[in-house]
Student: 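Structure in structure tokens, see below.
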Amino acid sequence: MGMNPKQVLILGGGFAGVYTARYLEKLLRPEEASITLINRENYWVYQPMLPEVISGSIGLTNVVSPIRRLCPRSNLIMREVEDIDLKRRMVTISPGFRPRQLQLNYDHLVIALGNVTNFHGMPGLMENAMPFRTLADAIVLRNHLIHVLEEADVEEDPEPRRQLLTFVVGGGGFSGVEVMAELNDFVRSVKGNYLRLRNQPHRCVIVQAGDRILPEMSETLANFAQRILRKRGVDIILNDRLKAATSERAILQSGAEIPCKTLISTVPSALPPVIQRLDCIKERGKLLVNIRLELKDYEGMVWALGDCASIRTPAGAMVPPTAQHAVREAATVAVNIAATIRGGRPAVFRSESFGTLGSLGHGAAVAQICGVKLSGFLAWLLWRCIYLMKMPGLNRKVRIAADWLLHLLFPPELAQTKVAFESGIRNQHFEPGDIIFHEGDRGDCVYVIEEGECDVLCERKGSEELVATLHRGEYFGEMALLSDRARNATIRARRAMNVLIIPRADFDKLRQSVPAFGDVFSALAQRRMVAK
Ligand SMILES: Cc1cc2nc3c(=O)[nH]c(=O)nc-3n(C[C@H](O)[C@H](O)[C@H](O)COP(=O)(O)OP(=O)(O)OC[C@H]3O[C@@H](n4cnc5c(N)ncnc54)[C@H](O)[C@@H]3O)c2cc1C
């Protein structure tokens with residue numbers, strides 16, 4: 001064995017990434033491999049239980065688990081993966097508080113970045129539809145539901161009130177059905193607390209492109225689920241899909257329009273941009289892997305799994321993108337990385353689905369386990385037992401069980417946990433001598449001086465040279481943003497300064513929608529370039 005441990009880099013901290021790290025921690029000793037996991041959050045989300053956050057039957061932080069505790073021997077980096085260079089074996093990670101990107105080399109790479117909801121080509125969905133994947137999505141939706149109920153209670157006119165009490169979910173797969181079931185239960189159980197809503201009907205609509213909901217399950221179970229949901233007042237529109245949306249209504253392919261203020265979309269999904277940019281063989285956009293889950297052309301070095309990978313069984317069947325498969329794939333990847341590092345037989349991924357389970361809320365579920373179909377209360381009990389068992393760690397198991405018990409005894413929480421959403425544009429104060437940014441830093445903001453003065457300094461032949469002094473009303477930082485290069489000067493406050501900071505995303509938005517705004521900065525950058 002070599003002296004240095006091999007560098008294993010895992011991208012993504014979902015089911016696929018976290019379980020790969022956990023298995024590797026068991027299989028390899030620290031002197032054999034150093035494991036690093038990169039994820040944009042420092043927690044792992046137990047997605048199958050995420051819809052329960054809507055009704056509050058599980059507490060907000062009990063549906064997630066800190067990755068540092070789940071993978072104690074792995075080095076967690078809570079940042080965004082910005083670029084993967086397979087040829088140079090290098091991964092670029094976003095800047096943190098300090099505006100410098102990090103670059104990491106690896107011996108073995110595991111790509112497990114999942115997928116994202118993509119509203120491309122669906123006008124108005126970006127602005128008006130809520131995705132449902134992350135803890136933040138669940139919190140935003142819960143707060144939004146409470147908000148529309150509060151508004152509906154104040155609203156006198158029947159039309160706007162009906163609109164406020166209409167809830168539309170696009171997508172009738174597992175997540176869409178579970179989200180709607182929880183949402184419906186929540187609205188039903190809290191409506192009684194609103195004096196004017198008690199006797200008002202609310203409307204829940206699922207829009208599904210296929211001819212039945214739950215395509216992941218057998219037709220009998222899907223029909224059962226459909227019957228239960230319809231009995232509970234959920235409207236199911238089949239063979240149609242969301243086409244567009246405004247702040248007032250959802251617009252369907254068929255031309256039908258549903259006035260609403262709540263639109264959730266669990267479809268369609270796409271690969272994260274960093275994977276879309278990746279130069280390798282793909283199948284329907286997903287990373288194509290062989291039966292050992294190695295990336296084509298990078299065998300023995302790069303593995304891909306989970307929702308971002310296109311995986312087939314040795315018999316050629318497509319493996320569905322579910323949590324239970326991601327966990328099994330993680331075991332295969334870990335065995336194969338260990339075999340590459342210390343020698344041994346590689347494993348082949350065999351998908352043996354134990355079954356599928358879907359909750360319909362309020363004591364009902366559908367399950368298909370080892371060929372046996374179950375529905376109703378028994379399936380719901382089974383759903384809860386199995387998912388509780390699968391949640392790693394006693395701590396979370398006990399907390400969730402306690403939440404469920406309390407939810408049976410008491411009505412759901414109705415307090416809104418509002419968080420103020422600030423625009424990215426913000427003010428900042430600098431004292432004389434403070435450095436605003438360094439030459440060589442990544443340019444991620446433009447600055448407008450509201451008060452004070454600063455010096456522009458350039459490194460020339462090892463010493464610092466004063467290039468200019470900027471005053472109130474002047475701008476700086478535009479060059480790096482417009483040219484996408486590193487900062488070409490250091491900015492230091494000469495006198496106390498108040499500045500307006502415009503982050504890259506806002507700067508680009510303003511530039512696109514107000515051309516004159518962009519022209520000012522382009523002309524300035526050009527003048528400064530010539531002067532340099
Ligand atoms: C509401 C809902 C309910 C579900 N219910 C079930 C169920 O009951 N049973 C079941 O089997 N499956 C269920 N699924 C599907 C299951 O959750 C997914 O198949 C599974 O999570 C896939 O795991 P993954 O690790 O591939 O991706 P993910 O879990 O999506 O993990 C990807 C991770 O990568 C991170 N990431 C992505 N891009 C970047 C980047 N550029 N930089 C840094 N980090 C990044 C993300 O933040 C995330 O943590 C459900 C899904 C949803 C949304």
Side-chain angles (χ1 to χ4, degrees), residues 9-21 37-54 63-65 67 70 76-84 91-94 102 110-117 130-138 141 169 171 173-183 214 216-217 264-267 269-278 286-287 293 304-311 319-330 333 351 353-360 365-368 383-384 386-387 390:
L9 196 53
I10 301 172
L11 311 183
F15 274 91
V18 161
Y19 274 88
T20 303
L37 191 151
I38 308 170
N39 195 48
R40 63 165 72 95
E41 297 93 13
N42 80 339
Y43 55 78
W44 166 76
V45 186
Y46 197 54
Q47 277 174 339
M49 284 186 184
L50 195 58
E52 298 205 25
V53 168
I54 301 173
V63 79
V64 300
S65 200
I67 294 176
L70 289 171
L76 172 70
I77 300 182
M78 194 190 73
R79 290 270 184 93
E80 183 86 16
V81 175
E82 290 199 333
D83 189 52
I84 306 168
V91 170
T92 306
I93 305 167
S94 64
L102 257 183
V110 178
I111 308 178
L113 292 169
N115 57 22
V116 292
T117 307
M130 290 181 264
F132 195 86
R133 270 169 196 280
T134 64
L135 182 62
D137 295 340
L141 176 58
V169 171
F174 266 136
S175 46
V177 164
E178 289 183 359
V179 167
M180 182 49 97
E182 286 294 320
L183 184 160
L214 294 177
E216 303 93 335
M217 297 200 121
I264 302 142
S265 185
T266 56
V267 283
S269 58
L271 275 289
V274 61
I275 291 189
Q276 289 179 24
R277 288 197 302 272
L278 204 60
K286 294 189 173 195
L287 303 175
L293 307 185
L305 72 160
D307 287 4
C308 68
S310 174
I311 302 172
V319 178
T322 66
Q324 54 163 319
H325 284 101
V327 172
R328 290 208 182 91
E329 290 153 21
V333 167
S351 132
S353 175
F354 156 76
T356 42
L357 292 143
S359 169
L360 305 174
V366 276
Q368 206 169 331
W383 185 95
R384 287 208 151 176
I386 290 177
Y387 280 109
K390 295 220 174 259

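Remember, it's 1-based here, ligands and their atoms both numbered in the order they're listed.
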Student: Select one of side chain, backbone, both or neither to describe which atoms of F15 lie under 4.0 Å from any atom of ligand 1, heavy atoms only.
Tutor: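 Within the 4.0 Å criterion, F15 contacts ligand 1 through backbone and side-chain atoms alike.
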
Student: Once you restrict to heavy atoms under 4.0 Å, what part of P48 touches ligand 1? Side chain, backbone, both or neither.
Tutor: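 P48 to ligand 1: contacts from backbone and side chain alike.
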
Student: Below 4.0 angstrom from a heavy atom of Y387, which ligand 1 atoms are there? Numbered from 1 as shown, please.
Tutor: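 Going through ligand 1 atom by atom, the ones under 4.0 Å from Y387 are 7 (C), 8 (O), 9 (N).
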
Student: Distance under 4.0 Å to a non-hydrogen atom of P321: what atoms of ligand 1 satisfy this?
Tutor: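 Close to P321: 19 (O).
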
Student: Evaluate side-chain contact (heavy atoms from CB on, under 4.5 Å) for R384 paired with E52, printing each intermediate quantity in order.
Tutor: CA-CA 11 Å; R384 287 208 151 176; E52 298 205 25; 3.3 Å; yes

Student: For the CG atom of N39 and the CD atom of E80, what is their distance to the nearest 0.5 Å?
Tutor: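 Going from CG on N39 over to CD on E80, the span is 9.5 Å.
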
Student: Show the atoms of ligand 1 that are less than 4.0 angstrom away from any heavy atom in T322.
Tutor: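 Once the distances to T322 are compared, the set is 10 (C), 11 (O), 12 (N), 19 (O).
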
Student: What's the shortest distance from atom 47 (O) of ligand 1 to any protein heavy atom, and which residue and atom give it?
Tutor: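 The closest one turns out to be E41 OE1, 3.2 Å.
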
Student: Rounded to the nearest 0.5 Å, how far apart are CG of L141 and CG of L183?
Tutor: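 Output value for this atom pair is 6.0 Å.
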
Student: Which residue and non-hydrogen atom of the protein lie closest to atom 35 (C) of ligand 1, and at what distance in Å?
Tutor: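 Result for atom 35 (C) of ligand 1: N39 OD1, 3.0 Å.
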
Student: Any idea which part of L50 is under 4.0 Å from ligand 1, heavy-atom wise: side chain, backbone, both or neither?
Tutor: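 Answer for L50: neither.
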
Student: Examine the proximity of ligand 1 to A16 and report which part, side chain or backbone, both or neither, has a heavy atom under 4.0 Å away.
Tutor: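 It is both backbone and side chain that touch ligand 1.
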
Student: Does the E82 side chain pair with the main chain of T92, one donor and one acceptor, at a distance under 3.5 Å?
Tutor: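 The answer is no, because no donor-acceptor pair under 3.5 Å joins these two groups.
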
Student: Enumerate the atoms of ligand 1 whose separation from the nearest heavy atom of G114 is less than 4.0 angstrom.
Tutor: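 That gives atoms 26 (O), 27 (O), 30 (O), 32 (C) of ligand 1.
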
Student: Just go through G176, A323, A330 and tell me whose heavy atom is the nearest to atom 15 (C) of ligand 1.
Tutor: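 Among G176, A323, A330, the closest heavy atom to atom 15 (C) of ligand 1 belongs to A323.
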
Student: Can you list everything that forms a side-chain contact (heavy atoms from CB on, under 4.5 Å) with S175? Sequence neighbours excluded, please.
Tutor: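 Once residues adjacent in sequence are excluded, the partners of S175 under the side-chain contact (heavy atoms from CB on, under 4.5 Å) criterion are T266.
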
Student: Which atoms of ligand 1 are found less than 4.0 Å from any heavy atom of G306?
Tutor: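 Per the distance check, 26 (O).
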
Student: Pick one of side chain, backbone, both or neither for how R79 approaches ligand 1, counting any non-hydrogen atom pair under 4.0 Å.
Tutor: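 The backbone, only.
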
Student: So how far is it from E41 CD to L76 CG, rounded to the nearest 0.5 Å?
Tutor: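 Reported to 0.5 Å precision, the distance equals 10.5 Å.
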
Student: Which is closest to atom 22 (C) of ligand 1 in terms of heavy atoms, D307, D137, D83?
Tutor: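 Heavy atom nearest to atom 22 (C) of ligand 1 belongs to D307.
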
Student: Just by modelled atom types, is the F174 backbone N or O under 3.5 Å from a matching donor or acceptor in the E216 side chain?
Tutor: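 The answer is yes, because a donor-acceptor pair under 3.5 Å joins these two groups.
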
Student: Check F132 against ligand 1 and report side chain, backbone, both or neither, counting heavy atoms closer than 4.0 Å.
Tutor: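 Both parts.
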
Student: Heavy-atom distance to atom 50 (C) of ligand 1: which of R40, E82, Q47, R133 wins?
Tutor: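 That would be Q47.
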
Student: Which heavy atom of the protein is the closest neighbour of atom 42 (N) of ligand 1, given with residue, atom name and distance?
Tutor: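 Residue, atom and distance for the closest contact: V81 N, 2.7 Å.
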
Student: For A21 and L37, which heavy atoms make the closest approach, and how far apart are they?
Tutor: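 So the two residues come closest at CB-CD1, 3.9 Å.
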
Student: Does the protein put any heavy atom within less than 4.0 Å of atom 8 (O) of ligand 1?
Tutor: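 It does: a protein heavy atom is found less than 4.0 Å away from atom 8 (O) of ligand 1.
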
Student: Find the distance between CG (N42) and OG (S65) and round it off to the nearest 0.5 Å.
Tutor: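 Reported value, rounded in 0.5 Å steps: 10.5 Å.
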
Student: Check F132 against A138 and note the closest heavy-atom contact, atom names and distance.
Tutor: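 Closest heavy-atom pair between F132 and A138: CE1-CA, 3.7 Å.
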
Student: Who gets closest to atom 28 (P) of ligand 1 by heavy atom: P51, P273, G14?
Tutor: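 It is G14 that holds the nearest heavy atom.
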
Student: Return the closest protein heavy atom for atom 2 (C) of ligand 1 as residue, atom name and distance.
Tutor: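 So the nearest neighbour among protein heavy atoms is S175 CB, 3.5 Å.
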
Student: Among all protein heavy atoms, pick the one closest to atom 37 (C) of ligand 1 and tell me residue, atom and distance.
Tutor: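 For atom 37 (C) of ligand 1, the nearest protein heavy atom comes out as L113 O, 3.2 Å.
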
Student: Answer yes or no: is there a side-chain heavy-atom contact under 4.5 Å between N115 and R133?
Tutor: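 In contact.
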
Student: Under the ring pair (Phe, Tyr, Trp, His ring centres under 6.0 Å) test, which residues partner W44, sequence neighbours left out?
Tutor: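 Listed in chain order: F15, Y46.
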
Student: Without swapping roles, check the side chain of Q368 against the backbone of T356 for a donor-acceptor pair under 3.5 Å.
Tutor: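 Here the side-chain-to-backbone pair does not exist.
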
Student: Near A112, which atoms of ligand 1 are under 4.0 Å from a heavy atom of that residue?
Tutor: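 Every atom of ligand 1 under 4.0 Å from some heavy atom of A112: 32 (C), 34 (O).
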
